[in-house]
Chemist: 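Pasting a structure below so you can have a look.
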Amino acid sequence: MKKILVTRKLLRSCEDKALKSFDANLNLNDELYSQKKLIEMSEGKDGILSSLTDKLDAETINKLPETIKIISNFAVGFGNIDLEAAKTRGIAVTNTPDVLTDATAEIGILLILGACRRASEGIESAKECNWKWSADYLIGKQLTGARLGVLGMGRIGQKIAKIAKSLGMIIHYHNRSKLSEEKEQGAVYHDNLKSLLSVSDVLSICCPASKETIDMINKETIEYLPKGAVVTNVARGDIVEDEALIDALERRKVYAVGLDVYKNEPNLNPGYLKYKSAFILPHLGSATKETRTAMANLAIDNIDEFFKTGDCKNKVN
Ligand code: DGY
């Protein structure tokens, strides 16, 4: 039986599955392993079932024991892993696409609604019982008729676009390449970021974090947005230069933000906390029982497939 290290606590049924499939070292207390501890715990193991909280940079990967042949990430994103370093070491890296599309898109829509309709302020006032209804009380931005710019029209972006369209939004998107008409569903393609941002009353960041997308939303590119745009991010914090976005909130260039992901989680830039127009969530994208179960099961199946066939359809390096 192959030996694997599971770095974070999984839902019970998934831990049972891991124990049936492998000689699995579980993390029942859900301790956050340091890089040093993760390397030590990997001793004698054939694979690692990692999570987005494990920083598997080149230095850490280079210190992993020779026996490690696969890192199966319990996430669709894999910005926490240095893919090149893993490849050089002959370690396969896999992710969990598809199964979290719906849950993450739901949070993407919640961010748009929460930011546009001033949910943070509303919740605060409702709890304090200090509000008085009036014709202009907490007036927000209506989604119907507004233009949604989807940055990264992958599975999650497409699902967000579909729901947003049903809410009456007009969909624009930017991707490396234009999608088929069937996938576009009437959305307008922009072959460059500037063109997309200039029509985005609401921006939904859905692209993966990579060398090309890190800090893509920055001091310069924020200026391409219409004045009073709303910026939401359901993908990765690394794509946004926080200082620039916070400054744009201060200047009211940006009306509101809706964020589920941050650089350096959980220590988000405290600058956001000063703004009632910041609707912020603690990385809830895939947080439903159905989805977390499907993700963990897929992460386990990826390891199984890899050891049975020498390859895996969800290999990303
Ligand atoms: C992912 O899988 O990348 C999600 O962000 C996890 O919640």
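Quick caveat, the model's predicted, so the values are computed rather than measured. Basis for what follows: all heavy atoms, side chains included, without hydrogens, waters or symmetry-related copies. Read the numbers this way: they start at 1 and go in the same order the structure lists the ligands and their atoms.
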Chemist: Indicate yes or no: at least one non-hydrogen side-chain atom of R118 is less than 4.5 angstrom from one of E121.
Modeler: yes

Chemist: Do any nitrogen or oxygen atoms of A75 come within less than 3.5 Å of a nitrogen or oxygen of ligand 1?
Modeler: no

Chemist: Taking the side chain as every heavy atom from C-beta outward, state whether K2 and I303 have any pair of such atoms under 4.5 Å apart.
Modeler: no

Chemist: Can I170 be reached from L167 by stepping across I, L, V, M, F, W or Y side chains whose heavy atoms are under 4.5 Å apart?
Modeler: no

Chemist: Assess the residue pair S200 and L196 against the criterion (side-chain contact (heavy atoms from CB on, under 4.5 Å)); give the C-alpha distance rounded to whole Å, side-chain angles, the decisive distance to 0.1 Å, and a yes or no.
Modeler: CA-CA 6 Å; S200 297; L196 177 79; 3.8 Å; yes

Chemist: With the threshold set at 4.0 Å, does a side-chain nitrogen-carboxylate oxygen contact exist between K313 and E305?
Modeler: yes

Chemist: Can you pull out the closest protein heavy atom to atom 2 (O) of ligand 1? Residue, atom name and distance to 0.1 Å, please.
Modeler: V76 N, 2.6 Å

Chemist: What protein heavy atom sits nearest atom 3 (O) of ligand 1, and how far off is it?
Modeler: R236 NH2, 2.5 Å

Chemist: Would you tell me whether S210 and E212 have side-chain atoms, one donor and one acceptor, within less than 3.5 Å of each other?
Modeler: yes

Chemist: Kindly confirm or rule out an N or O of G77 lying under 3.5 angstrom from an N or O of ligand 1.
Modeler: yes

Chemist: Need the ligand 1 atom indices (1-based, order shown) with element for anything under 4.0 Å from a heavy-atom of S286.
Modeler: 6 (C), 7 (O)

Chemist: Anything under 30° is parallel, anything over 60° is perpendicular, the rest tilted; go ahead and classify Y173 against Y189.
Modeler: tilted

Chemist: Heavy-atom pairs closer than 4.0 Å: do any link ligand 1 to the side chain of L52, the backbone, both, or neither?
Modeler: side chain

Chemist: Number the atoms of ligand 1 from 1 as they appear, then name those within less than 4.0 Å of a heavy atom of L100, with their elements.
Modeler: 1 (C), 2 (O)

Chemist: If hydrogens are left out, which of R292, H283, M295 has an atom nearest to atom 5 (O) of ligand 1, that is, the closest non-hydrogen atom?
Modeler: H283

Chemist: Give the contacting part of N95 toward ligand 1: side chain, backbone, both or neither, where contact means a heavy-atom distance below 4.0 Å.
Modeler: neither

